[in-house]
Amino acid sequence: MANLGRIVSVSGSLITAVFDQPVVQNEVGYAIIDDLRLKAELIRVRGDYADLQVFEDTTGLYVGGQVEFTGEMLIAELGPGLLGQVVDGLQNPLFDLAAVSGYFLERGRYLEPIDRERRWAFTPRARVGDAVRAGDTLGSVPEGEFEHRVMVPFGLTGWLTVKDLIDGGEHAVEDVVATLEDERGRSHEVTMLQRWPVKLPIRAYRERLRPQEPLVTKIRIIDTLFPVARGGTSCIPGPFGAGKTVLQQLMSRHAEVDVVVVAACGERAGEVVETLREFPELTDPRTGRSLMERTVIVCNTSSMPVAAREASVYTAVTLAEYYRQMGLDVLLLADSTSRWAQALREVSGRLEEIPGEEAFPAYLESVVAAFYERGGLVALRDGTQGSVTIAGTVSPAGGNLEEPVTQSTLKVVGAFHGLSRERSDARRYPAIDPLDSWSHYPGVVPGADVAFARALLRSGNEVAQMMKVVGEEGTALDDFVRYLQAEYLDAAYLQQDAFDPVDGASGAERQALVFGELVRMLRSPQPHADKDAARRFYQHLTQATKEWNRAPWGSPEFDAARERVHSLAEVTEVHAHA
Ligand SMILES: Nc1ncnc2c1ncn2[C@@H]1O[C@H](COP(=O)(O)OP(=O)(O)O)[C@@H](O)[C@H]1O
Ligand SMILES: [Mg+2]
């Protein structure tokens with residue numbers, strides 16, 4: 001028998017229903033209008049009353065109407081065929097949905113994200129009689145560039161014995177591929193399709209490891225100065241238009257990961273449309289084909305109902321954890337988490353909870369922390385490792401980093417890439433501020449060189465500030481040279497031309513070599529006759545270094561450009577000594 005409740009109030013997307021059979025916090029319910037069933041999530045129980053947040057426009061819902069409780073949490077469907085998809089927060093495949101109901105998505109229409117008809121070539125990876133646990137591999141099917149593991153369902157507990165396993169062949173996702181027996185002798189049929197509650201982390205690994213190895217993004221200012229670790233977390237706050245989305249697109253293309261999951265929470269509807277248009281056009285530098293082949297996009301706009309917006313971040317991180325469980329490195333990009341936090345604020349406001357700072361719920365900090373904790377590097381039971389690296393953007397109003405979302409995020413992430421309006425206005429891209437940003441992770445170059453570079457940048461900035469007051473004439477030659485050196489390091493190394501095929505992506509070895517040489521040059525004091533001579537010198541050096549950046553790694557042009565930089569540095573020394 002269906003568990004039914006009766007609607008007693010409707011307030012925006014929040015409905016309250018009375019019920020008589022048991023209900024569960026966070027279970028999914030359907031609000032019913034005639035033959036429409038609108039998906040909702042139970043977000044609070046008070047006595048006999050259940051508050052539900054409807055994932056869609058609630059027009060037409062009425063007091064006295066019915067709610068059907070399902071007893072199931074909001075889940076994600078997991079299995080082969082997810083890569084390349086664009087889905088909404090409830091994992092409805094948007095392009096399929098559009099094909100069925102046009103671009104104005106129909107209410108109450110939900111589609112399965114995973115194709116039930118498609119057949120996959122199954123290869124067994126375990127044997128009858130094996131003892132297995134949740135998350136262990138039973139078989140695999142090829143998907144894109146890698147083997148998609150078919151795993152013991154994450155919800156099964158304890159040891160299980162493989163009683164039956166198919167030999168192989170072409171199978172659809174709902175075909176039974178294995179039968180397992182648990183410790184109590186109960187039998188479980190396994191298919192390639194899993195369902196997992198999006199708000200619960202998948203914890204089917206052996207142990208969590210400390211993220212220590214750099215995840216190379218090929219963006220110099222990140223890898224060299226403010227690295228992100230494989231399985232680590234980073235926060236990218238920045239005002240509107242500072243380059244958050246472009247930076248995430250660069251990371252998605254160039255970061256050394258297997259799978260990219262994008263949670264696109266639009267500031268405006270137009271931005272998500274942009275993401276949807278631009279992303280499929282990005283080419284994968286590794287394969288030359290579409291980057292979408294190893295990407296999943298979960299998107300929503302601020303015009304979508306609040307609960308769907310809230311859900312999208314959880315759906316995205318669940319997909320990321322699923323691929324990690326296959327021993328893959330996953331990058332989860334959340335853009336922007338501020339929109340997600342605003343959804344939390346709206347829900348909390350409707351529930352009339354006691355608000356915290358700036359009307360965000362008092363539990364904002366713990367929700368943000370729980371989200372970033374779902375990232376991480378894990379050791380699987382078969383000895384392989386998988387990782388979910390999370391990079392979340394924050395768009396603080398007026399660029400004020402003191403606001404609650406930025407502050408909650410900064411407490412839990414391992415790296416901070418602050419984008420500055422000043423830098424983006426000056427078109428110094430990527431506009432990551434080298435003075436404010438930080439990272440707790442080790443990078444691709446020696447720490448002593450990083451410390452030197454950061455000190456130089458700071459001291460160059462002090463001179464620049466001072467020069468604003470006393471002018472160039474009032475500045476000592478030594479100080480002026482330090483200013484030029486910092487500008488040089490910024491222009492010739494930290495800034496990177498995203499549109500140049502070579503400069504746009506700088507490998508770890510290349511960064512180590514170039515940065516090492518730049519620091520060596522900058523460390524040995526360069527004598528200059530006067531400020532004009534110094535200025536000319538750094539102008540030439542900047543030009544030569546930029547050319548070097550555009551020369552392909554390992555090519556004769558690379559060696560020639562490197563030679564020019566070296567000789568330029570030496571020539572001036574000769575002049576100065578003469
Ligand atoms: N790395 C970059 N290289 C060149 N142009 C950039 C770069 N980053 C941002 N821009 C420019 O700034 C604009 C806004 O960037 P965007 O990432 O959309 O900002 P945000 O997401 O912070 O609002 C882009 O359309 C582009 O013209
Ligand atoms: Mg953006």
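Atoms within each ligand, like the ligands themselves, are counted from 1 in listed order. For clarity, every value in this text was computed on a predicted model and none was experimentally measured.
Residue contact annotation: Ser336 has no non-hydrogen atom under 4.0 Å from ligand 1. Within the structure, the closest approach of Gly238 to ligand 1 does not fall below 4.0 Å when heavy atoms are considered.
Considering only heavy atoms from C-beta on, Glu41 comes within 4.5 Å of Lys199 through its side chain.
Every residue meeting the salt bridge (charged side-chain N to carboxylate O under 4.0 Å, His left out) condition with Glu346, not counting sequence neighbours, appears here in chain and number order: Arg309, Arg350.
Closest heavy-atom approach to atom 17 (O) of ligand 1 within the set Val246, Ile219, Leu419, Ile236: this belongs to Val246. Distances from atom 22 (O) of ligand 1 to the heavy atoms of Lys244, Arg428, Gln248, Gln496 put Lys244 nearest.
The distance from ligand 1 to the heavy atoms of Phe499 drops below 4.0 Å at these ligand atoms: 4 (C). The distance from ligand 1 to the heavy atoms of Phe240 drops below 4.0 Å at these ligand atoms: 23 (O). Under a 4.0 Å criterion applied to the non-hydrogen atoms of Gly243, ligand 1 contributes the atoms 8 (N), 9 (C), 15 (O), 16 (P), 17 (O), 19 (O), 20 (P), 22 (O).
Contacts between Pro239 and ligand 1 below 4.0 angstrom, taking non-hydrogen atoms only, involve the backbone exclusively.
Taking only nitrogen or oxygen atoms, main chain and side chain alike, Arg427 does not reach within less than 3.5 Å of ligand 1. Checked against a 3.5 angstrom limit, the closest N/O atoms of Leu250 and ligand 1 fall outside it.
Taking backbone and side chain together, Thr245 holds an N, O or S atom under 2.8 Å from the Mg ion (ligand 2).
Ring pair Trp438/Phe226: centre-to-centre distance not below 6.0 Å.
Counting non-hydrogen atoms of neighbouring residues, nucleotides and ligands closer than 6.0 angstrom, the CD atom of Gln465 exceeds 12 such neighbours. No more than 12 heavy atoms of other residues, nucleotides or ligands sit less than 6.0 Å from atom CD of Glu509.
No side-chain N or O of Ser506 forms a donor-acceptor pair with one of Gln511 less than 3.5 Å apart.
By the 30° and 60° cut-offs, the orientation of the rings of Trp340 relative to Tyr314 is perpendicular.
Contact between Val412 and Val368 at its shortest, heavy atoms only, is CG2-CG1, 4.4 Å.
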